[in-house]
Amino acid sequence: MRNPTTIEPVPGRTDEMIINMGPQHPATHGVLKVVIGLDGERITRAVPHIGFLHRNHEKIEEARTYTQIISYTDRMDYVSGLQNELPFILAVEDLLGVEVPPRAKLIRTIFFELFRIASHLVWLGTGMLDLGAITPFLYTFRDREKILEITEKTAGARMLPNYFTFGGVRRDVHPDFFKDVAAFLDFFETRLPDYYALVLDSPVFQARAVGVGVLSKERAIARGASGPVIRASGVPYDVRKAEPYDAYPELEFEIPTREEGDVYARFWVRFREMEESVKIIRQALEKVPKTGPYKGKVPPRVKPKPGARYRAVEIARGHLGAYVVSDGSEYPARIKHRSPSFANLQLIPDLFVGARFADAIAILSSLDPVFGEVDR
Amino acid sequence: MSLFAEVWDAVKAVAAGLETVHRRVKQPPATEFYPYKKPEIPPVSVQFLALIQNEDGTDRCVACLQCERVCPSQVITIERKRNPEGKGFVLERFDLDFANCMHCANCVEACPVSAIVTVGEFEHAVYDINFLKADKAFLDHIGHEAKIWYSPKFGVEMRTPEGKIVKAPPEMQPGGLAELLKEAEGGEGA
């Protein structure tokens with residue numbers, strides 16, 4: 001297989017060695033295989049092979065009713081499960097013309113941001129595990145457990161709750177929910193300095209990350225990157241600001257952006273995003289009415305008008321979109337999911353070639369791919 | 001000189017990391033001693049599904065086939081016949097294949113009479129996959145054993161030691177907040 005980024009042979013260099021990294025490599029976060037050509041320590045070419053986890057989501061969903069599909073969308077990016085339901089639900093809500101009560105919007109936003117924190121914590125733990133640090137992994141999973149417990153109490157499952165629905169959420173929140181979330185935020189704010197001390201401010205980590213895997217603005221845009229990856233390259237693109245959905249227009253927050261585009265910048269952006277999420281949830285907790293409707297009026301049989309709609313949200317990994325084509329029946333005619341990890345993974349040849357082999361792991365963990373969503 | 005500075009930086013970084021860990025080392029453990037100490041699962045949590053029977057031993061299920069229709073992985077199989085005495089249908093067969101169930105609780109959402117519910121039981125692990133193919137007798141058994149369960153129509157319900165089915169207090173109900181707030185207001189007023 002020819003790869004456009006293959007470097008032409010340089011006169012006088014040593015023989016190229018081909019290494020298969022994955023699909024059972026523990027640092028590839030799932031089932032990614034990268035065929036890597038090595039010249040000594042330097043990577044001369046990198047060809048990612050994906051599709052080991054392909055489950056035919058889009059075709060299966062054509063044979064399911066709209067209500068049934070929600071539980072399938074959860075299973076794309078299983079680390080931030082709840083966030084994946086939203087683009088599909090927003091698109092169908094637009095087709096149905098359903099009004100969402102403001103309380104439901106705020107509850108959705110609180111859960112959305114909680115799952116962003118949970119997802120970033122998993123990324124931080126496993127990413128640092130790749131770089132050889134075990135302590136952050138133990139700490140982040142302990143903190144994430146608290147989010148999952150809050151979710152289970154209200155939504156009925158820890159990772160794949162199937163909780164959002166057309167017109168709002170499935171059931172009202174648990175009476176302790178707002179108290180629990182506020183308590184978690186207080187707890188989490190005392191823990192964030194630990195993560196800064198252990199990871200971001202540590203010179204050992206900086207030696208590993210600063211100036212490694214530099215991604216230029218132009219390449220990031222050309223490859224369709226999104227999420228923290230493109231924001232670390234100096235493009236302030238965030239769907240929450242670009243096409244606001246749910247309760248985001250009424251909440252104030254910043255988009256953390258950094259110019260360098262290296263591994264350190266991508267780590268930094270995600271750290272700052274966790275802080276912003278805490279701010280967003282605090283505002284939402286102030287605004288959300290304690291009681292009230294949690295679901296708009298939706299017909300018992302969901303049959304959207306014929307038409308097509310594309311809606312996108314900013315999940316922890318970037319721009320996740322759903323394109324829904326309805327022919328007026330109970331089953332959708334076509335569904336397309338635009339997933340951020342898939343686009344971000346296209347950067348592998350750009351970032352790997354020329355880097356050291358040991359840095360490839362750092363670069364990959366800074367891209368934070370989840371393969372349930374890459375392969376769908 | 002620069003090498004010395006780098007080594008000094010690294011030593012300082014390790015010391016700072018150890019200091020952070022040392023600060024947190026006295027916190028209580030976050031892990032649980034499962035299976036010696038079992039965690040309490042909220043009844044809304046979707047683990048095992050169960051069929052609930054009324055206090056007099058009759059089925060709550062009216063065999064309307066709603067759960068079979070909404071199931072995304074099509075694991076529910078129902079056979080029914082006309083009720084010999086009176087209107088409606090009665091169950092002949094109710095099979096649920098937990099091995100293929102994706103735990104979305106669409107069936108619980110759809111049930112109009114709160115017959116199929118989520119219970120707080122979670123120990124699914126078996127040696128043979130065929131043990132996960134549940135029939136009506138098994139689902140009824142889980143329902144009888146269950147002390148607390150949830151369905152959207154009736155909320156969280158409990159079985160008293162005498163075998164009576166009662167509604168759980170509002171602090172356990174999703175949506176019980178409105179009731180609690182009203183009670184608090186009433187308490188202040190009185």
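In what follows, every chain begins at residue 1, and chains take the letters A, B, ... in the order their sequences are listed.
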> Just checking heavy atoms, which of residues 27-50 of chain B are less than 4.5 Å from chain A?
Replying inline: B:Gln27, B:Ala30, B:Ile41, B:Pro42, B:Val44, B:Ser45, B:Val46, B:Gln47

>> Just so I understand: if I count every heavy-atom pair under 4.5 Å between each of A:Arg142, A:Glu152, A:Glu145 and chain B, which residue has the most?
In response: A:Glu152

> Where on B:Arg23 is there a heavy atom nearer than 4.5 Å to chain A: the side chain, the backbone, both, or neither?
Replying inline: side chain

> Should we say atom CZ of B:Arg159 is surrounded by more than 12 heavy atoms from elsewhere, each under 6.0 Å from it?
Replying inline: yes

> Quick one: does A:Arg171's side chain get under 4.5 Å of B:Pro174's, heavy atoms only?
Replying inline: yes

> Could you state the interatomic distance from CD (B:Glu109) to OG1 (A:Thr67), rounded to the nearest 0.5 Å?
Replying inline: 10.5 Å

>> Nearest 0.5 angstrom please: A:Thr65 OG1 to B:Arg69 CZ, how far?
In response: 7.0 Å

> Which pairs with one or both residues in residues 58-73 of chain A pass salt bridge (Lys or Arg N to Asp or Glu O under 4.0 Å), sequence neighbours excluded?
Replying inline: A:Glu58-A:Arg334, A:Glu58-A:Arg376, A:Lys59-A:Glu62

Report, one line per pair, each donor and acceptor closer than 3.5 Å where one atom sits in a side chain of residues 193-210 of chain A; sequence neighbours left out.
from: A:Asp194; atom 1: OD2; to: B:Arg24; atom 2: NE; distance (Å): 2.7
from: A:Tyr195; atom 1: OH; to: A:Tyr139; atom 2: O; distance (Å): 3.2
from: A:Tyr195; atom 1: OH; to: A:Asp143; atom 2: OD2; distance (Å): 2.5
from: A:Tyr196; atom 1: OH; to: A:Glu275; atom 2: OE2; distance (Å): 2.8
from: A:Ser202; atom 1: OG; to: A:Val204; atom 2: N; distance (Å): 3.3
from: A:Gln206; atom 1: NE2; to: A:Leu200; atom 2: O; distance (Å): 3.0
from: A:Arg208; atom 1: NH2; to: A:Ala358; atom 2: O; distance (Å): 2.9

> Counting heavy atoms not belonging to B:Ile129, are there more than 12 under 6.0 Å from its CD1?
Replying inline: no

> Could you give the distance from CG (B:Asn106) to OG1 (A:Thr165), rounded to the nearest 0.5 Å?
Replying inline: 8.5 Å

>> For A:Phe178, which atoms come within 4.5 Å of any heavy atom of chain B: side chain, backbone, both, or neither?
In response: side chain

> More than 12 non-hydrogen atoms from neighbouring residues, nucleotides or ligands closer than 6.0 Å to CD on A:Glu286, yes or no?
Replying inline: no

> Which one, A:Arg191, A:Arg158, A:Lys146, leads in non-hydrogen pairs under 4.5 Å with chain B?
Replying inline: A:Arg191

> Listed by chain and number, what are the salt bridge (Lys or Arg N to Asp or Glu O under 4.0 Å) partners of B:Glu157, not counting sequence neighbours?
Replying inline: B:Arg60

> If you draw a 6.0 Å radius around NE2 in B:His141, do more than 12 non-hydrogen atoms from other residues or ligands fall strictly inside?
Replying inline: no

> Highest number of heavy-atom pairs under 4.5 Å with chain B: which of A:Ile60, A:Thr154, A:Val173?
Replying inline: A:Val173

> Would one find more than 12 heavy atoms of other residues, nucleotides or ligands at under 6.0 Å from atom CZ of B:Phe122?
Replying inline: yes

